[in-house]
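Only one structure is covered here, and it is reproduced in the block below.
Throughout, a chain's letter reflects where its sequence line sits, starting with A, and its residues are numbered from 1.
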Amino acid sequence: GAGVSQTPSNKVTEKGKYVELRCDPISGHTALYWYRQSLGQGPEFLIYFQGTGAADDSGLPNDRFFAVRPEGSVSTLKIQRTERGDSAVYLCASSLTSVPSTDTQYFGPGTRLTVL
Amino acid sequence: GNSVTQMEGPVTLSEEAFLTINCTYTATGYPSLFWYVQYPGEGLQLLLKATKADDKGSNKGFEATYRKETTSFHLEKGSVQVSDSAVYFCALSDQQGAQKLVFGQGTRLTINP
């Protein structure tokens, strides 16, 4: 079956612009996660949705970052007034439930964001 | 807060060599532990996991044992292949409520024929 998909695969933007990154989770998965991976580092947690609501947004670096999941499926990560330091690969993952001991997070291929 | 420390890379081995990648963690409570792998040009994939102390996760010839007394989850494989070349990430998830994964910085492994 289809895995987690993310669009676009690459996004180049200019400092100060607004960007949206999209994630399509595996069908039927209720939990959705966003991570950010800088070059040479492990992924860092940004936000986690259970259904339509953000259950944990403690990883969002500041109020320029926002994410939604209005119908409990597709999610969009929105970044306002982009800065060069936002350049990274943004990863989305989904899991059937949100119980880490019995469930697996499946990752998408990521969106590489470059802010010039 | 919770954290994961991994053996720094890169690691280069010859085919059929024995592999160990060290991973230690700091966490409150009883986390679940994971190894994820990222093959060239591909996304992160779960390699193996362990959910409680003394559990052993295994997959594709790789093994890791959850050691609470040493707060470690070292990855091992008895005989590596060229196809094992990838970046390996150790991670934990707090079972107390937070669903996020906390990752180590990754270890790049290259296997030469």
Side-chain angles (χ1 to χ4, degrees), chain A residues 2-7 9-10 23-26 29-51 53-61 67 88-112, chain B residues 1-10 21 23-25 27 29-53 55 57 59 66 73 75 86-109:
Chain A
V4 178
S5 62
Q6 293 185 245
T7 54
S9 55
N10 278 285
C23 172
D24 275 276
I26 293 172
H29 280 195
T30 62
L32 185 146
Y33 311 79
W34 283 99
Y35 295 83
R36 179 168 71 173
Q37 186 175 17
S38 300
L39 193 62
Q41 301 297 316
E44 292 180 307
F45 170 80
L46 295 177
I47 186 170
Y48 146 63
F49 288 89
Q50 180 59 47
D56 182 354
D57 64 357
S58 62
L60 294 177
V89 176
Y90 288 81
L91 298 172
C92 178
S94 71
S95 63
L96 187 60
T97 66
S98 57
V99 180
S101 62
T102 59
D103 216 341
T104 297
Q105 291 187 29
Y106 295 89
F107 282 80
T111 293
R112 182 176 299 279
Chain B
N2 296 346
S3 65
V4 174
T5 302
Q6 267 183 254
M7 173 178 172
E8 287 197 23
I21 301 178
C23 171
T24 56
Y25 68 90
Y30 304 95
S32 293
L33 301 174
F34 306 81
W35 277 100
Y36 275 81
V37 59
Q38 191 166 34
Y39 297 104
E42 298 184 18
L44 273 172
Q45 303 173 26
L46 178 66
L47 180 59
L48 53 84
K49 69 179 183 184
T51 59
K52 59 183 187 298
D55 267 3
N59 186 26
Y66 189 142
F73 192 57
L75 183 68
V87 182
Y88 292 81
F89 294 92
C90 186
L92 67 80
S93 179
D94 180 358
Q95 282 191 296
Q96 297 298 316
Q99 307 304 324
K100 61 191 179 189
L101 291 173
V102 176
F103 286 87
Q105 76 272 28
T107 302
R108 181 175 297 277
L109 173 67

Please classify the contact between [X] and chain B as side chain, backbone, both or neither, with a heavy-atom cut-off of under 4.5 Å.
X	value
A:Y106	neither
A:I47	neither
A:S58	side chain

Under the side-chain hydrogen bond (donor to acceptor under 3.5 Å, both in side chains) test, residues paired with B:N2 that sit two or more places apart: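 Scan of B:N2 (side-chain hydrogen bond (donor to acceptor under 3.5 Å, both in side chains), adjacent residues dropped) gives none.
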B:Y36: partners by side-chain hydrogen bond (donor to acceptor under 3.5 Å, both in side chains), with sequence neighbours left out: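 None.
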Does A:Y35 reach the side chain of B:L101, with side-chain heavy atoms less than 4.5 Å apart?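 The answer is yes, as the side chains (C-beta and beyond) meet within the 4.5 Å cut-off.
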Taking the side chain as every heavy atom from C-beta outward, state whether A:Q105 and B:L44 have any pair of such atoms under 4.5 Å apart.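 Side-chain contact under 4.5 Å: no.
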Given a strict heavy-atom distance threshold of 4.5 Å, which part of B:E42 is in contact with chain A: side chain, backbone, both, or neither? neither
If you count the non-hydrogen atoms of other residues, nucleotides and ligands that lie under 6.0 Å from CD in B:Q105, is the total more than 12? yes
Shortest non-hydrogen contact between B:F89 and A:G42, atoms and distance: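 Here B:F89 and A:G42 meet closest at CE2-CA, 3.5 Å.
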